[in-house]
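Step one of this worksheet: look at the structure below.
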Number of protein chains: 2
Amino acid sequence: MSGKENSRERLIKTASRLFQLQGYHATGLNQITKESGAPKGSLYYHFPDGKEQLAIESVQLTTAFVSKQIEEGLNKSTDPIEAIQLFIKDMAERFERESCTVGIPIAAVALETSLISEPLRASCQSAYQKFQSAFTEKLIQSGYEEKHAMELGIVINSMIEGAFLISFTMGKSEPLLLVAKQIPSLLK
Amino acid sequence: MSGKENSRERLIKTASRLFQLQGYHATGLNQITKESGAPKGSLYYHFPDGKEQLAIESVQLTTAFVSKQIEEGLNKSTDPIEAIQLFIKDMAERFERESCTVGIPIAAVALETSLISEPLRASCQSAYQKFQSAFTEKLIQSGYEEKHAMELGIVINSMIEGAFLISFTMGKSEPLLLVAKQIPSLLK
DNA sequence: GTCTATAATCTGATAGAC
DNA sequence: GTCTATCAGATTATAGAC
């Protein structure tokens, strides 16, 4: 309704990037306001519940963005094996290209806050559920039996998230590529 | 050489537990000294390089502990498929039993520090390499071709680490159990 | 080796003028 | 909606007595 929601948008986008890259506790409110260009005073106007609320909305933004990426990636082939492999390889390439300017979606926030903030944990949980269901949907559309597709969706999501973590630590995308390579064994 | 290295030991053990559970930035030096019972003044005597050094040695302790657990677990069966499945199920049971009093080995520290501390990142990297090679060794002993065994070691490690992360966030061990279930497809 | 006190800096959060 | 100033508490780290 109001004029420009610009400041709020910028705050969430900046927070989203920094939380993924540095984690929850390492990212200060000062840094977020400073890098977003938004005035610090306006943070608590837009997010009365402070850092926790900002993090929840950041996770939600990331979730929407990544889910869309997964769905678009999976649409590049009708064959689920090929589609999932293509998606993972895309992630690996992006990882190599942007080096570490992107971080791993959700993971750091999930690890750091699951024990100390129930609403934040719940946000991360529904993020992962959304990722999983994208894979599961693809498999169901390809004729996989429903329960099997659900189980595979969870496993594929775990594999990718784990490979991201190891790739990030190792500084190379090899684990992601090897996971992609094993997808046929898993799905056949 | 000196009398009791007790205080140093306690500091590392406490730090190790807290870093896994809460992550690097959320764990303060005050909390570590307080919970370890060691005097705060002695921290910088034993660890002149401060928090970073303490974290590196904590990661090393965790690495040794977890590696031993993996190796012992894998020795419970000569069949690699069964052995790996047993190990993952053990982890899942322990996860359920101790709920969240244990955290995920290495992961939080790896995510939080890989970009800000090269020595700490390197410690986490060699941790993961050690985990991987335990799986790889088991596969080679069972007759898998060396390169294939190495690739599978990396993928299995990624799967487990990812499933841990998702299980932790979800609050239930289902992802770990589903990963165990898919091991036969992967290894056959 | 231990302990206390404290420095210097950062954090999240608030109050109030504009 | 914006901006400044500031609070109380946390952080890592150091200095120096014991």
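None of these values were measured; they are calculated from a predicted model. Within every chain, numbering begins at 1; the chains are lettered A, B, ... in the order of the sequence lines, protein sequences first and strands thereafter.
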Distance in angstrom units between [X] [atom1] and [N] [atom2], rounded:
X        : N      : atom1 : atom2 : result
A:Leu54  : C:dT11 : CG    : C1'   : 15 Å
B:Arg10  : C:dG1  : CZ    : C1'   : 12 Å
A:Glu52  : C:dT11 : CD    : P     : 19 Å
A:Tyr45  : C:dA13 : OH    : C1'   : 18 Å
A:Phe47  : C:dT14 : CZ    : P     : 15 Å
B:Leu43  : D:dT14 : CG    : P     : 11 Å
B:Ile116 : D:dT12 : CD1   : P     : 12 Å
B:His46  : C:dC3  : NE2   : P     : 10 Å

So side-chain hydrogen bond (donor to acceptor under 3.5 Å, both in side chains) across residues 103-114 of chain A, not counting sequence neighbours, yields A:His25-A:Glu112
Of all pairs that satisfy side-chain hydrogen bond (donor to acceptor under 3.5 Å, both in side chains), the ones with a partner from residues 179-188 of chain B, not counting sequence neighbours: A:Glu151-B:Lys181
Run the salt bridge (Lys or Arg N to Asp or Glu O under 4.0 Å) test against [X] and tell me which residues pass, sequence neighbours left out.
X        : result
B:Glu174 : B:Lys172
B:Glu96  : none
A:Glu118 : A:Arg121

Please find the pair of heavy atoms, one from B:Arg10 and one from B:Ala38, that lie closest to each other, and give the distance. NH1-N, 4.2 Å
Show the atom names and distances, to 0.1 Å, of all donor-acceptor pairs under 3.5 Å that link a side chain in residues 80-90 of chain A to residues at least two apart or in another chain.
from	atom 1	to	atom 2	distance (Å)
A:Glu82	OE2	A:Ser77	OG	3.0
A:Gln85	NE2	A:Ala180	O	2.9
A:Asp90	OD2	A:Lys76	NZ	2.9

Less than 4.0 angstrom between a side-chain N/O of B:Tyr44 and OP1 or OP2 of D:dA13, yes or no? yes
Just by distance, with hydrogens left out, do A:Gln22 and A:Thr27 show a side-chain donor and acceptor under 3.5 Å apart? yes
For DNA chain D, find the residues of residues 23-38 of chain B with a heavy-atom distance under 4.0 Å and give them by number; none if there aren't any. B:Thr27, B:Gly28, B:Leu29, B:Asn30
Close N/O contacts between protein and nucleotides 4-9 of chain D (under 3.5 Å):
none

Ignoring hydrogens and angles, write down the donor-acceptor pairs under 3.5 Å from the side chains of residues 60-68 of chain B, residues two or more places apart or on other chains.
from	atom 1	to	atom 2	distance (Å)
B:Thr62	OG1	B:Ser16	OG	2.7
B:Thr62	OG1	B:Gln20	NE2	3.1
B:Thr62	OG1	B:Ser58	O	3.0
B:Thr63	OG1	B:Val59	O	2.6
B:Ser67	OG	B:Thr63	O	2.7

